[in-house]
Amino acid sequence: MPELPEVETIRRGLAPALEGQSIAKVTLNRPDLRFPLPKAMKKRLEGAMIGALGRRAKYLLMPLDRAETLIIHLGMSGRMLIEAEETDQPGAFHHDITRLKQHDHVILTLKSGARLIYNDPRRFGFMLLEKTDSLDEHPAFAGLGPEPLGNHCHAQGLHDALLLKKTPLKSALLDQRVIAGLGNIYVCEALNRAFLSPFRIANTLALHEVEALLAAIRAVLEAAIIAGGSTLRDYRREDGALGYFQHDFRVYDREGHACRNLDCKGVISRAVQAGRSSFFCATCQR
DNA sequence: GCTGTAACCTGTCGGC
DNA sequence: TGCCGACAGGTTACAG
């Protein structure tokens, strides 16, 4: 799925087309997403005006003028796409010729005529409509760790959180309660840049190692946002275009290739941790 | 209470 | 060429 950089890229791309626009029509083609969409959602959305788009971790937030916020999670394969005007012509959707319309589960038609399409083949994603003033208490957000790119994320705080974890570092960083927004790709990349093994037990890291780790996490995420995210299979930007950060991967999906860290002659290995692939260099990551 | 695993669903890719 | 199994960016329920 879209991890933090992909969701942020989508947010920035959608904002000019959505903010200040009213929703004229809601089409629920397939309400049985990960969590079933309530039938009342259609009525609650139609006629509402969209405010400034936000993001928390991997969640896209669409506030409405009715004191409610549409919470969108893209799961593993979800896409949010803007289509300029309604058309059934094949291939008319910008560059995104890979999208199958059978997976267009939710369509918001704006008064401007543009359509916001939620497409998700694997249906691991979901949408929730919640009261805006109680979002922080919502179960989706209440336990989330700090935003790695935010002002409230500090090495000391991350160090304290990791001290409580007896799991391998890789698993600890995937835990959204420790730090929010990281997924498999960017954890692998950040650990390589910080020269830390994914197998290190989280509570054995010294503060100076956590400082290096946090700096690496931030560098990776910022570079990925500039590149428009990473496209492996499903991810597309809001206009159907690809992300390009996958060309800058140092370890992810590079098993058997040379490590790209300076002066390291190691080779990238792959191992399975908690059912997920970890890519790392055993020579320079300790 | 914490941790690891399996399951959710569908598409893609590689091997046979 | 076609079939089948493995695997995939996330999250969560459940067993140990």
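Computed from a prediction, not measured in an experiment: that's the story for all the values here. Proteins come first, then strands; the chains are lettered A, B, ... in the order of their sequence lines, and each starts at number 1.
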Gap between atoms [atom1] and [atom2], on [X] and [N] respectively (whole Å):
X	N	atom1	atom2	result
A:Arg236	B:dG11	CZ	P	15 Å
A:His73	C:dG9	NE2	C1'	10 Å
A:Leu4	C:dG9	CG	P	17 Å
A:His103	B:dT12	NE2	P	8 Å
A:Phe126	C:dT11	CZ	P	8 Å
A:Asp120	B:dC8	CG	P	17 Å
A:Leu144	C:dT11	CG	P	9 Å
A:Arg237	C:dG9	CZ	C1'	17 Å

Original post:
Would A:Phe124 pass as stacked on B:dC8, i.e. its ring centre under 5.5 Å from the base's six-membered ring centre and planes under 30° apart?
Top reply: yes

Say you pick atom [atom1] in [N] and the same atom in [M]; how far apart are they, in whole Å?
N	M	atom1	result
B:dC9	C:dC14	P	15 Å
C:dG5	B:dA7	P	16 Å
C:dA6	B:dA6	C1'	16 Å

Of the listed nucleotides [options], the one nearest the side chain of [X]:
X	options	answer
A:Ile185	B:dT5, B:dT3, C:dG9	C:dG9
A:Arg123	B:dG11, C:dG9, B:dT10	B:dT10
A:Ser171	C:dG9, B:dG4, C:dA8	B:dG4
A:Leu232	C:dG9, C:dA8, B:dG4	C:dG9
A:Tyr235	B:dT3, C:dG9, B:dT5	C:dG9
A:Thr167	B:dG4, C:dG9, B:dG11	B:dG4
A:Glu3	C:dA8, B:dT10, C:dG9	C:dG9
A:Arg34	B:dC8, C:dG9, B:dT3	B:dC8
A:Arg122	C:dA8, C:dG9, B:dG4	C:dA8

Looking at [Y] and [X], is there a salt bridge between them, counting it only when a charged N and a carboxylate O are closer than 4.0 Å?
X	Y	value
A:Lys165	A:Asp175	yes
A:Arg55	A:Glu147	yes
A:Arg236	A:Asp234	no
A:Arg200	A:Glu209	yes
A:Glu46	A:Lys25	no

Closer than 4.0 Å, any side-chain N/O of [X] to the OP1 or OP2 of [N]?
X	N	answer
A:Lys58	C:dG9	no
A:Lys165	B:dT3	yes
A:Arg270	C:dA8	yes
A:Ser230	C:dG9	no

Under 4.0 Å, heavy atoms only, any strand: does [X] hit a base, just the sugar-phosphate, or nothing?
X	answer
A:Gln102	sugar-phosphate
A:Gln273	nothing
A:Pro139	nothing

Subject >> Identity of whatever pairs with B:dT12 - Watson-Crick or G-U, under 3.5 angstrom >> reply: C:dA6

**OP:** Ignoring hydrogens and angles, state whether a donor on the side chain of A:Asp104 or A:Asn29 is under 3.5 Å from an acceptor on the partner side chain.
**Re:** no

Original post:
Aromatic rings A:Tyr186 and A:Phe249: how do their planes relate, parallel, tilted or perpendicular, breaks at 30° and 60°?
Top reply: perpendicular

